[in-house]
2 protein chains.
Amino acid sequence: MKKDVKKNITIYDIAKEAKVSPTTVSRVLTGNPLVKESTRQLVLEKMKELDFTPNEAARSLTTKQTNTIGFILPDITNPFFSQVYIEVEKKALDLGFTILLRNSMSNSEVESAHLKEFTEKRVECIVFMGGRINKVQPSEEEINEMREVVKRVPVIMVNGKMKDVNCYRIRTNEEEGIRLTVEHLVSLGHKKIGLIGGVKGITSLDLKTAAYRKSLKAFDLEVNPNWQVPSGFSIEKGREAMKQLLSQKDLPTAIIGINDLVIYGALKECREQNISIDNFSFVGFDDIFPSDIVHPSLTTVNHNYDILSSEIVKIIQNIKVGKASKKGKIINTKLIIRESTKEV
Amino acid sequence: MKKDVKKNITIYDIAKEAKVSPTTVSRVLTGNPLVKESTRQLVLEKMKELDFTPNEAARSLTTKQTNTIGFILPDITNPFFSQVYIEVEKKALDLGFTILLRNSMSNSEVESAHLKEFTEKRVECIVFMGGRINKVQPSEEEINEMREVVKRVPVIMVNGKMKDVNCYRIRTNEEEGIRLTVEHLVSLGHKKIGLIGGVKGITSLDLKTAAYRKSLKAFDLEVNPNWQVPSGFSIEKGREAMKQLLSQKDLPTAIIGINDLVIYGALKECREQNISIDNFSFVGFDDIFPSDIVHPSLTTVNHNYDILSSEIVKIIQNIKVGKASKKGKIINTKLIIRESTKEV
DNA sequence: TTGTAAGCGTTATCAT
DNA sequence: ATGATAACGCTTACAA
């Protein structure tokens, strides 16, 4: 009968085969230069021969390093998040970091589970997007949990924050994005501008709404509450918002979306109702890739993903080498003008 | 001066505080029922008090379990992959598995690095999409590496394969998808049907091309090599293919894309050239989410993501409990008919 | 340049 | 119901 449990190959096995000590094997593993070239070769050879692969768990148990960073975001199928994520992954890889991606679906319990996993896995940093850090009023438990977490591991909040939680913050200059948007629309002659999507109590809406109102006032434009239609952040919610907007008599000539997705929904709703898209100018936010291929292609606010991700990774790098980073960083936006905005 | 290195809290610390043995602490950690309720409570209390979090590395070093599965895919920003990924993640989570996502960008060296990482991290299963497993002629090294990998850890190849590599395979019935597409177009009166996108030597093109030709022949339709324009898999490549196609005099009336993305590019190119979209019927493949919001909305082949991901997770589950799974599984497709196809 | 031995923080085995 | 002790597989002083 064959032994059905084949023993794991360890550095001890390699050591025995190569007639050296385990320490020496470890040295070649870690790239320690204090090894005679000939023995290094011998050890390497035996490793290949025995098909040896070092055990990461054992390694990080002794070194107390995991070179791992945890990344929580609401939903990777949303191009906004996948775009940020992949940039960070690429850059982190160059630094020798490996990422643990977790989708929260903006669900607080799921977030808690991920946070717990991250601490048990001893990640060296947590990047947090969405969910509780976008709530205007997070619960006490949510806050307390985050406080506990930041005691053990540095947290980078991206486009969000939490009161009295000590962490790094990187955020898009959403106010600027909205300001640029309004200025652009005004330059096209628009005087009646609406804002659809988002959820009250979620900061991205509150931030944008404030900037929207401020910009309108700066141009002495009408601030009509009926033109502000919160609904959500998805395509479907965008449709709903547009539907509600269209049910009114007095309509804006330009519509800003809390993000690109809701505008896709708005376009869809117009078509559904056989209302010409040309009745309105549309502006999104995020500049996710489909915005360049929908028709009309969408004018939208770009986050400068490259800079955003660079800043995230810069902090990670500093954490690694024990250097301080600035706690807050604001990334400016740029307006990408496409076909969906035109003179009124 | 404060001690700047705070000691890690271990089960020994908890044991001391609770005046029990580390073993008992470990027992409450693993949920072992052989612990008096009162001591369990005491231990739990001390854990909270000392802010203890078990060390996953130590745990998996002794248990030899990681409950981790590795997932390699080309690019998570592609909605096709993110859709599959998130479904798998969700279902795997319910099984107590955690996923390590890695983007390969279809780069063989990157794949190798990820595979190495996975084996060092002792993942219990690898899900592989794209890259080398879609090559008609993978290199010897690529094959050998995979052979080494499958010796140590089960691999599930999704929509790909590798000769003489012992692994699980799940694949979309691409042939059926193409057949359904052609049948649909024929039912609309189309007789001249083209196929754009893909790269020669990548199986998805070869498979689809074969099915396309077979279906055309079944209907006695013209198989015109000029209407088959390989180019790539991206929006941009779709534009290029369409450009090349449009440069010809004799044009098809219907165009099938290797995937949805290339059709987005094709639509864009038509608009760029001021050629009416209505001159053609378009069909994509994958049914990624933007296909419902582009205009005209895109008729396309859906992979049955739910079934696809369920089958992947089913295999993982079987591996976990040591049960055998069928080595191959084919998932049928469904044609989603939208606005981009119409009578000729 | 190489080796010995201790330690990392768990779980598993075997007693009691 | 609880405890002592030995793994697990590596790295790291410290020695030689």
Side-chain angles (χ1 to χ4, degrees), chain A residues 5-44 46-47 50-68 116-117 119-124 152, chain B residues 5-44 46-47 50-68 116-117 119-124 152:
Chain A
V5 179
K6 57 180 151 194
K7 189 185 166 306
N8 286 305
I9 308 296
T10 73
I11 55 170
Y12 284 86
D13 301 307
I14 306 298
K16 200 170 292 173
E17 284 289 312
K19 301 192 198 316
V20 296
S21 75
T23 306
T24 300
V25 179
S26 172
R27 286 202 181 93
V28 349
L29 227 40
T30 54
N32 189 318
L34 306 174
V35 186
K36 213 203 305 175
E37 185 54 27
S38 61
T39 56
R40 171 191 312 283
Q41 288 308 328
L42 178 60
V43 167
L44 250 22
K46 294 303 178 187
M47 283 181 175
L50 297 193
D51 200 15
F52 166 81
T53 312
N55 183 316
E56 179 68 30
R59 187 185 307 218
S60 66
L61 187 58
T62 54
T63 62
K64 295 161 175 307
Q65 291 212 341
T66 57
N67 293 319
T68 292
K116 183 166 173 242
E117 188 205 342
T119 49
E120 297 191 353
K121 288 216 162 81
R122 302 293 193 260
V123 301
E124 295 176 14
R152 321 174 129 266
Chain B
V5 179
K6 57 182 149 190
K7 189 186 166 304
N8 286 306
I9 308 295
T10 73
I11 54 171
Y12 283 87
D13 301 307
I14 306 298
K16 199 170 293 174
E17 284 290 313
K19 302 191 197 316
V20 296
S21 75
T23 307
T24 299
V25 178
S26 172
R27 286 203 181 92
V28 349
L29 228 39
T30 54
N32 189 318
L34 306 174
V35 185
K36 211 202 309 174
E37 185 54 27
S38 60
T39 56
R40 170 190 312 283
Q41 288 309 328
L42 178 61
V43 167
L44 250 23
K46 294 301 177 188
M47 284 179 172
L50 297 192
D51 201 15
F52 166 80
T53 312
N55 183 315
E56 179 69 30
R59 187 184 306 214
S60 67
L61 186 58
T62 52
T63 62
K64 296 161 174 308
Q65 291 211 343
T66 58
N67 293 319
T68 292
K116 183 164 172 243
E117 188 205 342
T119 49
E120 297 191 353
K121 286 217 162 82
R122 303 292 193 259
V123 301
E124 295 176 15
R152 320 173 128 268

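Everything numeric here is computed off the predicted structure, so don't read it as measured data. In what follows, chains carry the letters A, B, and so on, assigned in the order in which the sequence lines appear, proteins first and then strands, with residues in each chain numbered from 1.
A straight line from CG of A/N67 to P of D/dT11 spans 13 Å, rounded to a whole angstrom. Here the P atom of nucleotide D/dG9 and the CG atom of A/L29 are 14 Å apart, to the nearest Å. To the nearest angstrom, P of D/dC10 lies 6 Å from CG of A/N55. The interatomic distance linking A/M47 (CE) with D/dG9 (C1') rounds to 12 Å, in whole Å. In this structure, A/I11 atom CD1 and D/dA7 atom P are separated by 17 Å, rounded to whole Å. Protein atom CZ of B/R122 is 11 Å distant from nucleotide atom C1' of D/dC8, rounded to whole Å. Distance, A/I14 CD1 to D/dC10 C1': 13 Å, rounded to whole Å. The CG atom of A/N8 sits 9 Å away from the P atom of D/dC10 (whole-angstrom rounding).
Nearest to the side-chain atoms of A/T10 among the listed nucleotides C/dG9, C/dG3, D/dC10 stands D/dC10. Distance from the side chain of B/S21 is smallest for D/dT2 among the nucleotides C/dT2, D/dT2, D/dC10. Here the side chain of A/L61 is nearest to one of C/dT10, D/dG9, D/dT11, namely D/dG9.
When atom types are taken as modelled, the side chain of A/R122 and the backbone of A/S60 share no donor-acceptor pair closer than 3.5 angstrom. Remark: side-chain polar atoms of B/E124 are paired, donor with acceptor, to backbone N or O of B/T66 under 3.5 angstrom.
Regarding contacts with the backbone of C/dG9, a side-chain N or O of A/K64 is found under 4.0 angstrom from either OP1 or OP2.
Residue B/E56 holds its CD atom at 11.5 Å from OG1 of A/T68, rounded to the nearest 0.5 Å. Here the CD atom belonging to A/Q41 is positioned 12.5 Å from the NZ atom belonging to A/K36, to the nearest 0.5 angstrom.
Applying side chain to side chain contact (heavy atoms under 4.5 Å, CB included) to B/P54 and the options B/I11, B/T10, B/L29, B/T30 leaves one that passes, B/L29.
Take the nearest nucleotide of DNA chain C for A/Y12 and for A/T24: the residue whose nucleotide is more 5' is A/T24.
Between A/L44 and A/V28, some side-chain heavy-atom pair lies under the 4.5 Å cut-off. The side-chain heavy atoms of B/M47 and B/V25, taken from C-beta on, include a pair separated by under 4.5 Å. Residues A/N55 and A/R59 form no side-chain contact, since every pair of their non-hydrogen atoms from C-beta on lies 4.5 Å or further apart.
For residues 31-41 of chain A, proximity to DNA chain C is found at A/L34, A/V35, A/K36, A/T39, defined as any non-hydrogen atom under 4.0 angstrom from a strand atom.
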So which protein nitrogen or oxygen atoms get under 3.5 Å of nucleotides 12-15 of chain D's nitrogens or oxygens?
{"from": "D/dT12", "atom 1": "O4", "to": "A/T23", "atom 2": "OG1", "distance (Å)": "3.4"}

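Taking each heavy atom of A/A18 and A/V43 in turn, the nearest pair found is CB-CG2, 4.2 Å.
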